[in-house]
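The structure appears right after this line, and notes come after that.
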Amino acid sequence: MNPSLKDFFNEEKKRVFTPDPYFQTRVMARIREGQSQTDIWAVIPGSTRPVFGLALMLLLVFVALEIYVPQIPERGFITALLESEQTPAEAFLLSGDDIPADQELLNQLMGVEER
Amino acid sequence: MEFDRELIVRAQGGDESAQEAIVKHYSPMVFRLISRFFRSREDVEDLAQDVFLKLFARIEQVRPDENFPGWLARVTVNTCYDELRKTRRRKTAMEIYGPQFEPSVAPREPDAFGKARIALQGLDPKLRIPLILKEVEEMSVEEIARTMGLTQTNVKVRLFRARKKLAGILGQP
């Protein structure tokens with residue numbers, strides 16, 4: 001190796017920084033600071049927080065809809081409105097009960113009408 | 001070795017006094033290594049803090065029977081490598097997109113050491129780090145390979161290229 005480069009590297013060996021007496025105190029303070037910020041929000045990088053927040057909100061809305069809105073309503077709005085205009089015979093036919101045999105059905109309908 | 005093992009086991013258990021003892025015992029070594037690559041005290045101190053934060057974030061990965069100083073040297077050199085790459089990118093960006101300054105006085109001609117320093121700073125960190133570890137830190141090729149996670153052949157190739165490039169920049173045969 002070139003002598004001037006050798007001298008340069010020898011000179012570089014002398015250039016060393018040493019820690020001051022409070023260095024470990026500062027490091028420990030940073031470690032404690034890091035430990036106190038371990039909640040999920042602190043872990044998420046700042047740039048992705050809006051996206052994460054929106055996703056979380058949508059998820060909560062979906063869960064709320066699943067819980068509070070029944071999937072098959074027993075009585076919808078239209079059914080409830082029409083029910084007030086139904087005659088007893090129509091109500092009987094639309095009740096969803098098992099339909100009896102022809103003659104029996106006729107007798108029952110007639111009985112409802114007579115009433 | 002026994003000292004390291006006991007401290008590491010205690011630090012892994014979250015013992016703050018053990019963590020503090022590790023920082024106190026190993027900070028001169030970490031400072032010395034970082035000083036080889038950075039010239040300002042503030043940079044050296046900031047990077048040394050980062051090294052210890054990384055160390056305690058990954059303390060679970062350290063096996064108590066492992067060569068702890070070697071492991072710490074690897075973390076330190078990798079931290080320096082990342083920072084040198086970032087600095088290099090910033091410098092390139094500033095040269096391309098930054099403001100143009102017209103010097104009011106002609107820059108002074110650097111002395112022989114100044115030229116060597118500038119030439120060394122111009123080297124790619126991939127070449128600069130092994131060269132400094134070899135010439136200044138006086139590590140063997142095997143130690144450099146272990147510290148940088150490279151093969152010994154790869155280290156030799158990088159050392160050869162670094163010396164050749166440095167000689168080229170300094171205009172020497």
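Predicted model only: the values in this text are computed from it and were never measured. Each chain gets a letter, A, B and so on, in the order the sequences are listed, and its residues count up from 1.
- Rounding to the nearest 0.5 Å gives a distance of 9.5 Å between CG of B:Asp46 and CZ of A:Arg26.
- By the rule that hydrophobic residues join a cluster once side-chain heavy atoms approach within less than 4.5 Å of another member, A:Ile31 and B:Tyr26 end up as members of one cluster.
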(request) Mind running salt bridge (Lys or Arg N to Asp or Glu O under 4.0 Å) on B:Glu135 and A:Lys6 for me, showing each step along the way? (result) CA-CA 8 Å; B:Glu135 301 298 340; A:Lys6 247 192 166 31; 5.2 Å; no
(request) Take B:Phe31 and A:Val16, measure what side chain to side chain contact (heavy atoms under 4.5 Å, CB included) needs, and give me the verdict at the end. (result) CA-CA 7 Å; B:Phe31 264 68; A:Val16 172; 5.9 Å; no
(request) Quick one: do A:Asp20 and B:Arg41 satisfy side chain to side chain contact (heavy atoms under 4.5 Å, CB included)? Show the steps, please. (result) CA-CA 11 Å; A:Asp20 63 71; B:Arg41 186 179 175 86; 4.1 Å; yes
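- Looking only at heavy-atom pairs under 4.5 Å with chain A, the residue among B:Val23, B:Ile34, B:Ile132 that has the most is B:Val23.
- Note: the hydrophobic cluster containing B:Met148 also contains B:Val136 (ILVMFWY, side chain heavy atoms under 4.5 Å, direct or indirect links).
- Residues B:Leu53 and A:Val27 come closest through the heavy atom pair CD2-O, 4.5 Å.
- Hydrophobic clustering (ILVMFWY, side-chain heavy atoms < 4.5 Å, transitive): B:Ile22 and B:Met29 are in one cluster.
- With a 4.5 Å cut-off on non-hydrogen atoms, B:Ser40 touches chain A through its backbone but not through its side chain.
- By the criterion of side-chain heavy atoms lying less than 4.5 angstrom apart, applied directly or through intervening Ile, Leu, Val, Met, Phe, Trp or Tyr residues, B:Val30 is grouped together with B:Leu47 in one hydrophobic cluster.
- Using a 4.0 Å cut-off between charged nitrogen and carboxylate oxygen, A:Lys13 and B:Glu138 count as a salt-bridge pair.
- For A:Arg15 (side chain) and B:Ser35 (main-chain N/O), a donor-acceptor pair under 3.5 Å exists by modelled atom type.
- Annotation: B:Arg74, atom CZ; neighbour count of heavy atoms from other residues, nucleotides and ligands within 6.0 Å is above 12.
- Ring centers of B:Phe38 and A:Phe17: at least 6.0 Å apart, outside the cut-off.
- Residue B:Leu120 touches chain A through its side chain alone, counting heavy-atom pairs closer than 4.5 Å.
- With hydrophobic clusters built from ILVMFWY side chains whose heavy atoms lie under 4.5 angstrom apart, B:Leu127 does not share a cluster with B:Val141.
- B:Glu20 contributes atom CD, which lies 6.0 Å from atom OG1 of A:Thr25 (distance to the nearest 0.5 angstrom).
- Both the backbone and the side chain of B:Ala48 have a heavy atom closer than 4.5 Å to some heavy atom of chain A.
- Inspection of non-hydrogen atoms places no residue of residues 77-84 of chain B under 4.5 Å from chain A.
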(message) Before you tell me yes or no, could you show the steps for B:Arg117 and A:Glu12 under side chain to side chain contact (heavy atoms under 4.5 Å, CB included), namely the whole-Å CA-CA distance, both residues' side-chain angles and the distance that decides it to 0.1 Å?
(response) CA-CA 9 Å; B:Arg117 199 173 295 131; A:Glu12 284 288 286; 4.2 Å; yes
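- Atom CZ in B:Phe52 sits 9.5 Å away from atom CD in A:Gln24 (nearest 0.5 Å).
- Contacts between B:Glu16 and chain A at a heavy-atom distance below 4.5 Å involve backbone atoms as well as side-chain atoms.
- Contacts between B:Val44 and chain A at a heavy-atom distance below 4.5 Å involve the side chain alone, from C-beta outward.
- Under a cut-off of 6.0 angstrom, the local environment of NZ in B:Lys54 is crowded, with over 12 non-hydrogen atoms contributed by other residues, nucleotides or ligands.
- Heavy-atom pairs under 4.5 Å with chain A were tallied for B:Lys24, B:Gln19, B:Arg36; the largest tally goes to B:Arg36.
- Interface with chain A: from residues 152-160 of chain B, no residue qualifies, criterion being any non-hydrogen pair under 4.5 Å.
- A distance of 12.0 Å separates CD of B:Gln49 from CE of A:Met28, quoted to the nearest 0.5 Å.
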